[in-house]
Number of protein chains: 2
Amino acid sequence: MPGRTGLTIGKLAGLSGVNLETIRYYERIGLMPEPGRTEGGHRLYEPAHRQRLAFIRRARELGFGIDGIRALLGLAEPHRRSCEAVRVIVSDHLQDVRTKIADLVRLEAILAGTVERCRDTAMAPSCSVLDLLEAAA
Amino acid sequence: MPGRTGLTIGKLAGLSGVNLETIRYYERIGLMPEPGRTEGGHRLYEPAHRQRLAFIRRARELGFGIDGIRALLGLAEPHRRSCEAVRVIVSDHLQDVRTKIADLVRLEAILAGTVERCRDTAMAPSCSVLDLLEAAA
DNA sequence: CTTGATCCCGTAGTGACTACGGGTTGCAGG
DNA sequence: CCTGCAACCCGTAGTCACTACGGGATCAAG
């Protein structure tokens, strides 16, 4: 009869670096399973929960959306780890990331150009705000 | 007595490439001024509106938030075009963009590595999903 | 047993739209 | 002139991934 194993949600939040409210949110949307409860109704988490939450957090940090994570978790759980399916999800996301980078790099050039011109023409008639107005992005 | 000059909101949407509902949204939040109306209450836009909307669209494409655009518009309008203030807003945003690029590039490396390993180890015991679980982002 | 931290739940707010639905207006063809 | 239908009106709610709030219950230390 050892003490009830289990972390309170606050402890789990502290250990995992995920906001307490966010953990409850993940439970509401079915990303985290419902944990056990104390008699009074407080959640008690076990190591498996902590692992799953860590996985979710990493995946979020890597920019996966909730649906992507759901898919990843679905593939990770059963014995049939279809590596191919995982690869598809990850490389789709990788493509998104690369597209975003390309977009941002173009943006960066435009913005940097604007700032540059702004610095140069200390007393231009109209400031480079007008460039924004004219330039095609 | 020439015809009422003015575009309907639908025409403006078509010309500007901004969704009709988004134009109404911009009006609600005070980004676009209220245009004139027909007797029946339909909006009628003049060239000045079209210009302002084009400015907003470009700025959005460059990743400025609504507040930033509001500030930019505020600086663009009066005679006192304080170029310096504009430069501050734009270069703040530029800094954001650069930070985002750096983040995404790190992400890209991690994801690309995962996909690569996935491709290599055609029959690894556990697929590189576990890498996500282990790797610090 | 009391106190104060922690936890409960449901709801609403964020940014920047987008979608919906039921009713009104505008205009072109007949 | 009148019909029909596209376009417009407005307010509200939904999106994504949380975050914040508030009023009440529970837990653990002293």
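First the proteins, then the strands, lettered A, B, ... as listed; each starts at 1.
Near DNA chain C, meaning a heavy atom under 4.0 Å from it, residues 7-19 of chain B has B:Asn19 in order of number. Contacts of residues 33-40 of chain B with DNA chain C (heavy atom under 4.0 Å): B:Thr38, B:Gly40.
Position along DNA chain D of the nearest nucleotide to A:Gly41 versus B:Glu27 favours B:Glu27 as the more 5'-ward residue. Each of A:Arg43 and B:Tyr26 has a nearest nucleotide on DNA chain C; the 5'-most of these lies closest to A:Arg43.
Under the rule for a side-chain contact (heavy atoms from CB on, under 4.5 Å), the partners of A:Lys11 that lie at least two apart in sequence or sit in another chain are A:Leu7, A:Thr8. For the side-chain contact (heavy atoms from CB on, under 4.5 Å) test, residues two or more places apart in sequence or in another chain that qualify with A:Asp103 are A:Thr99, A:Arg106. In terms of the salt bridge (Lys or Arg N to Asp or Glu O under 4.0 Å) criterion, residue partners of B:Arg98 (sequence neighbours excluded) are, by chain and number, A:Glu108. By the salt bridge (Lys or Arg N to Asp or Glu O under 4.0 Å) test, A:Asp96 pairs with no residue at all, sequence neighbours left out. With sequence neighbours left out, A:His42 forms a ring-ring contact (aromatic ring centres under 6.0 Å, His included) with no residue at all. Shown here are the side-chain contact (heavy atoms from CB on, under 4.5 Å) partners of A:Ala85, two or more places apart in sequence or in another chain: A:Leu75, A:Ser82. Residues that satisfy the salt bridge (Lys or Arg N to Asp or Glu O under 4.0 Å) test with B:Arg60, not counting sequence neighbours, are absent from this structure.
Counting to the nearest Å, the C1' atom of C:dT6 and the CD1 atom of A:Ile23 are 14 Å from each other. Atom pair B:Leu20:CG and D:dC10:C1' shows a separation of 12 Å (rounding to whole Å applied). Rounded to whole Å, the distance from CG on A:Leu44 to C1' on D:dA28 is 14 Å. Atom C1' of nucleotide C:dG15 and atom CD1 of B:Ile69 are separated by 12 Å, given to the nearest angstrom. Distance, B:Arg28 CZ to D:dT12 C1': 9 Å, rounded to whole Å. The distance from atom CZ of A:Phe64 to atom P of D:dA17 is 13 Å, rounded to the nearest whole Å. The nearest whole Å value for the distance from the OH atom in B:Tyr25 to the C1' atom in D:dG11 is 16 Å. Rounded to whole Å, the distance from CG on B:Leu31 to P on C:dA16 is 10 Å.
At C:dT18, one or more side-chain N or O atoms of B:Thr22 fall inside 4.0 Å of OP1 or OP2 (strictly under the cut-off).
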Donor-acceptor contacts, no H, no angles, side chain residues 19-36 of chain B, under 3.5 Å, sequence neighbours left out:
residue	atom	partner	partner atom	Å
B:Asn19	OD1	B:Glu21	N	2.8
B:Glu27	OE1	B:Arg43	NE	2.8

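Closest approach to the A:His42 side chain among C:dT18, D:dT19, C:dC7 is made by C:dC7 (side chain taken as heavy atoms from C-beta onward).
Atom CD1 in A:Ile89 sits 8.0 Å away from atom CG in A:Asp92 (nearest 0.5 Å). One finds the CG atom of B:Leu111 at 5.0 Å from the CZ atom of A:Phe64 (value rounded to the nearest 0.5 Å).
The main-chain N or O of A:Leu62 is found under 3.5 Å from a side-chain atom of A:His93 such that the two form a donor-acceptor pair.
The hydrophobic clustering, which links ILVMFWY residues whose side-chain heavy atoms are closer than 4.5 Å, places B:Val97 and B:Ile66 together.
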Interface polar pairs with nucleotides 21-24 of chain D, N/O, under 3.5 angstrom:
residue	atom	partner	partner atom	Å
D:dC21	N4	A:Glu21	OE2	3.4

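Within 4.0 Å (heavy atoms only), A:Ile29 reaches no atom of the nucleic acid at all.
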